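Structure record follows, encoded as structure tokens.
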Amino acid sequence: MTAAPQHAAGATAPAAADTLALGDTIRFRGALWTVTAFHGPRIFLDATEPVELAEAEPLIILQTAVTSAPDFAVLNRAAPRSALPGRSGEFSALPRDVRKAAEKWEWHVKEVLHEQAPHVPATTEPKPAYDPQLRTLRQWYQAKAAQLTQAGVPVSAATVERKCAAWRKEGLMGLVDKRHLRAAAPHGRVDPRVVDIVWEVLEDERERGLSPGTLSRLIDRVEQTVRARYAHLLAAPDTARGLVNSPATFYRLLERLGITAQNAHTAAARRATGSAISAERPGSRRATWARWPGDLVQIDTTGLDVLVLGDDGRVISVELTIAIDVATRSVVGSLIVPKRASRSGGGGRWLAGRATRSFDTMQVVAQTTAPLPARPGWAPETFAEGSDLPFEDLLAADPRFAGAAARPVIKPETLVIDHGSPYISADFTRACHSLGIEVREARLRTAVDKAIVERAMRAVKTGFSQHLATYTHHRLDLRGKQVRKQPLWTIPQLQELFEQWVVLRWQQTPHGALRSPFTPGLRLTPNQMYAALVSLRGYRSTALTPQENRKLLPAV
């Protein structure tokens, strides 16, 4: 909802002016009102003149009902006037000789259509060649063509007719030589098929897992593909135009496409994402765009850069798995497990840890179906009661919210995963399908498909990990020398600390990408965004029965 101050009444717009703006003073039902807010198809009106007692309160009514009233009028501004789009600036930017030629043609066109030359008094009798009493319009065209041909500018009557029609439709710009209006091709004189082959070669390298090379290698591969695919066109000079290009032209083309030796595969991955809905893939959309909570959830696992005390007393590293909702940026599930570490001497032996398995990832998915219980000793700010979540409505729908932490429950409809072994396993896919969750695999080496969860992992390391004891930097040259001598947390303690951080900091920190449709100028927190969007789909409790819980376990 958006509000605006009142404005003084001014000129009156006709009743047909059905376009309203905030602050407009209007006449409706015999009274004066001020438009104070818009909410969907409805508008909020405040009375500015004494009206009946029943209508003394602010009026909330459909906008179409107001604008279709017989006495409706906008009083504070005049009705917008329709105007033809001017192209004077475009005409002034043309070369001087082109403008002179168009103005000369305009003089001839006006003489034909106005029966006499410009700047001639209206009382002057028309020339016999353009007298409407003696000649038809087609004969006027023929007379002007004969006049121009005799003057050394050979044209036909059809050309004069075409010029007159263009002047009537577009004015002076219609008489400009169209060769000077052609926009430059986006890729110069290079054939568009060559541009497609450039992206095709880069995408093929990405899919095969090849290392990116220099631009000269890319140009060689493009030329080889062109020769093999269009050999029948390269034989003739006319058909080979644009397919055969010099190295300098190729380098200019790659510069226009934004391709360098350092970002070649990244540029190809960015282009491969395509538009939100494309003609080639009408049912597809980006993996970073969602319409409501749960519409799209991304899940990923990464090292936490923290040393902890393992169950066997060893100092080990851990890795974190989180699930983040795209629409609200809420962390709806998390789990920390030991990270598997190998002996530096090789031999295939593992020193500690077990790494994330499909059983762990399914625990994260299961967390999205139930509220997070607040632990004893947690601060009052961690409780859902009193937070930005619609606690009363959620509690009425799900009694488990009593004593729950301020983290929303968002069951995924579509889950975006990468190609790690815990996610592509048959157990994980089967368990997701049993809950009615669609599993979508991100494309290989295409980070944009899971950009939100990847960025969230970076935020976890900068906002959570680096403030803990035994924080190890991900770069060895920046890692401290006394890290192992600092106090160590156990994995359960670290899990509880992370959940508190999610509830207190992550869910209650404004996010730059979260904007409510009612307050677009304000950044919202994930909890506030959930409160604004939950009404789109509602909330339904998902209490897993023992039989459904067993479906989440590995088959063996």
Side-chain angles (χ1 to χ4, degrees), residues 1-90 276 289-293 295 326-329 386-393 508-538:
M1 186 184 300
T2 310
Q6 298 182 4
H7 294 267
T12 302
D18 58 353
T19 301
L20 293 179
L22 292 177
D24 280 348
T25 301
I26 66 173
R27 183 192 303 120
F28 175 61
R29 293 181 181 176
L32 299 185
W33 305 82
T34 299
V35 180
T36 58
F38 291 90
H39 191 171
R42 295 175 174 81
I43 59 175
F44 288 60
L45 304 176
D46 281 345
T48 57
E49 280 189 358
V51 293
E52 298 180 5
L53 182 61
E55 296 178 343
E57 295 294 329
L59 181 63
I60 305 175
I61 189 172
L62 290 172
Q63 180 174 345
T64 54
V66 175
T67 56
S68 61
D71 62 338
F72 167 75
V74 181
L75 304 180
N76 67 306
R77 56 188 172 89
R81 297 181 59 187
S82 60
L84 293 175
R87 301 177 66 181
S88 58
E90 185 179 353
W289 183 81
R291 296 160 290 184
W292 51 72
D295 184 27
V326 173
T328 65
R329 299 301 197 271
S387 68
D388 292 321
L389 296 176
F391 176 73
E392 297 295 336
D393 297 335
Q508 302 188 38
T509 300
H511 195 290
L514 299 181
R515 309 282 175 147
S516 169
F518 311 122
T519 55
L522 299 178
R523 295 189 306 167
L524 302 185
T525 67
N527 282 348
Q528 291 171 343
M529 193 65 180
Y530 175 82
L533 298 181
V534 66
S535 59
L536 294 177
R537 302 286 282 183

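Treat the numbers as computed from the prediction; the structure is a model and nothing was measured.
Every side-chain contact (heavy atoms from CB on, under 4.5 Å) that T525 has, sequence neighbours left out, goes to D388, P510, N527, Q528. Evaluation of the side chain to side chain donor-acceptor pair (under 3.5 Å) rule for R515 yields no partner, not counting sequence neighbours. With sequence neighbours excluded, the residues that form a side-chain contact (heavy atoms from CB on, under 4.5 Å) with A531 are P390. Contacts of L536 classified as side-chain contact (heavy atoms from CB on, under 4.5 Å), with partners at least two apart in sequence or in another chain: W292, L533. Residues satisfying the side-chain contact (heavy atoms from CB on, under 4.5 Å) criterion with V66, sequence neighbours excluded, are I26, F28, I43, L45, I61, F72.
With values rounded to the nearest 0.5 angstrom, L32 atom CG is found 4.5 Å from T48 atom OG1. In this structure, T36 OG1 and I60 CD1 are separated by 8.5 Å, a value rounded to the nearest 0.5 Å.
Looking only at distances, a side-chain donor or acceptor of D71 sits under 3.5 Å from a matching main-chain atom of G30. Using a distance-only test at 3.5 Å, with no hydrogens or angles considered, no donor-acceptor pair links the side chain of R537 to the main chain of V534.
Of all heavy-atom pairs spanning A327 and M529, the tightest one is O-CG, 3.8 Å.
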